[in-house]
Amino acid sequence: MSELKMNRLSRRAMLRYSAVGLAAVGGGSLLGACQTTDPNTGAPEGEGGGGLQQRADSGQPIRLAIANEPPYTKLEADGTLTGAAPDIAKAVLKRMGIENVEPKQTGYDSMIPGLQANRWDIVTAGLFMNKDRCAQVQYTTPDLVSTESFAVAPGNPEGLRTVDDLMNKDVQVAVLAGGYERRTALALGVDEGKLPTYQQAPDALQAMQDGRVDAILLPTLTLESLKEQQNANFEVTPPLEQFPTTGSGHAFRKGDQTFFEKYNQEMKAFKETQEFEEIMNQWGFDAEASRKATTEELCATES
Ligand code: 6CS
């Protein structure tokens with residue numbers, strides 16, 4: 001049923017790794033048939049769902065939700081929106097003739113509620129697909145395929161290397177509020193009391209530096225980037241083999257079907273270009289892994 005072909009960090013650089021495969025986690029697609037009504041209100045497309053096509057047609061900015069968590073998403077000090085997912089989104093929108101975009105920084109716990117409440121238009125944050133999320137929003141073709149690791153104190157005093165270690169040891173491991181890691185760890189059988197939540201990755205790092213937690217569970221590349229940005233003294237474990245390979249896409253309201261279809265078509269075409277490879281390489285992701293991944297497989301991840 002479940003065969004994981006996990007990827008490893010390359011030796012070349014902290015932020016580069018090669019994802020050679022994708023978790024084949026079985027189960028059916030949860031994307032289901034295309035919906036043309038808002039799932040919450042039942043209103044026709046564009047009414048309850050925010051009318052993204054109308055918004056684009058009238059030249060209003062397309063609001064992109066991000067976390068500001070490099071290399072997935074990054075907000076420069078001057079307000080420039082970048083990072084792997086927003087760079088891909090901007091390139092796709094440009095192919096659609098849209099250059100007016102606006103970043104909306106938020107936590108992972110607010111991304112889907114804020115999308116449904118029309119506070120932004122697309123989540124371009126490396127929001128990993130799972131059963132729960134795929135039931136609420138519609139995801140494009142995958143963009144970023146990646147892995148998960150622990151950040152631990154130098155020397156890894158608790159010997160945390162696997163999900164079994166997390167289950168068997170008396171440890172506190174920081175995760176993010178509303179994050180994929182928490183739900184997936186719970187689905188794998190980890191005790192809730194071991195997973196205190198923090199709003200952003202730097203908050204989790206502060207907790208580890210203060211000795212409030214023993215480790216942090218986050219994407220391998222997030223932890224490598226955090227270490228570099230903050231010049232912090234911690235170790236990042238090799239990717240956790242028991243954790244499903246993660247994969248994000250860009251998330252839309254189910255009511256914005258017309259715009260979604262065009263965007264998804266452009267994104268699929270963009271993924272075949274050299275420009276896509278350059279963006280992926282720049283941020284340390286693997287274009288081939290992204291091309292091989294499917295929304296259906298990723299949406300079958302237990303959560
Ligand atoms: O999808 C998520 O919830 C996770 N995505 C990223 C890029 N970082 C942490 C977060 O929990």
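Ligands are counted one by one from 1 in listed order, and the atoms in each one are counted from 1 as well. None of these values were measured; they are calculated from a predicted model.
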Q. Does even one non-hydrogen atom of Arg182 get within less than 4.0 Å of ligand 1?
A. no

**Q.** Pair Arg253 + Asp256, salt bridge at N-O below 4.0 Å
**A.** yes

Q. Any side-chain heavy atom of Leu64 sitting closer than 4.5 Å to one from Lys104?
A. no

Q | Closest approach of any protein heavy atom to atom 11 (O) of ligand 1, naming residue and atom | A | Glu181 OE1, 2.5 Å

Q.
Does this structure show an ion pair linking Glu102 with Arg63, if we count only N-O contacts that are shorter than 4.0 Å?
A. no

**Q.** For Leu127, atoms of ligand 1 separated by under 4.0 Å from a heavy atom
**A.** 1 (O)

**Q.** Side chain, backbone, both or neither: the part of Ser248 lying under 4.0 Å from ligand 1 by heavy atom
**A.** neither

Q: Over 60° means perpendicular and under 30° means parallel, so classify the ring planes of Tyr72 and Phe285, tilted if in between.
A: perpendicular

(Q) Using a strict threshold of under 4.0 Å (side-chain N to carboxylate O), is an ion pair present between Glu277 and Arg291? (A) yes

**Q.** Atoms of ligand 1 close to Gly179 [distance to a heavy atom under 4.0 angstrom, numbered from 1]
**A.** 3 (O), 11 (O)

Q: Please could you name the atoms of ligand 1 that Leu218 approaches to less than 4.0 Å, counting only its heavy atoms?
A: 9 (C)

Q) Short N/O distance, under 3.5 Å, between Arg133 and ligand 1? A) yes

For a quick test of your reading: what N or O donor-acceptor pairs under 3.5 Å do the side chains of residues 182-189 make, sequence neighbours left out?
{"unit_1": "Arg182", "atom_1": "NH2", "unit_2": "Glu192", "atom_2": "OE2", "d": "2.5"}
{"unit_1": "Arg183", "atom_1": "NH1", "unit_2": "Asp132", "atom_2": "OD2", "d": "3.4"}
{"unit_1": "Thr184", "atom_1": "OG1", "unit_2": "Tyr180", "atom_2": "O", "d": "2.7"}

Q) Should you measure from each heavy atom of Phe128, which atoms of ligand 1 turn up under 4.0 Å away? A) 1 (O), 2 (C), 4 (C), 5 (N), 6 (C), 7 (C)

Q. If you count the atoms of ligand 1 from 1 in the order shown, which ones are under 4.0 Å from a heavy atom of Glu69?
A. 6 (C), 7 (C), 8 (N), 9 (C)

Q) Near Tyr180, which atoms of ligand 1 are under 4.0 Å from a heavy atom of that residue? A) 1 (O), 2 (C), 3 (O), 11 (O)

(Q) Show the atoms of ligand 1 that are less than 4.0 angstrom away from any heavy atom in Gly126. (A) 1 (O), 5 (N), 6 (C), 7 (C)

Q: Give a yes or no on whether a salt bridge exists between Glu302 and Lys131, defined as a side-chain N under 4.0 angstrom from a carboxylate O.
A: yes

Q) Going through the distances and angles, do Phe252 and Val137 end up as a side chain to side chain contact (heavy atoms under 4.5 Å, CB included)? A) CA-CA 6 Å; Phe252 288 75; Val137 297; over 6 Å; no

Q. Got the closest protein heavy atom to atom 6 (C) of ligand 1, with its distance?
A. Tyr108 OH, 3.3 Å

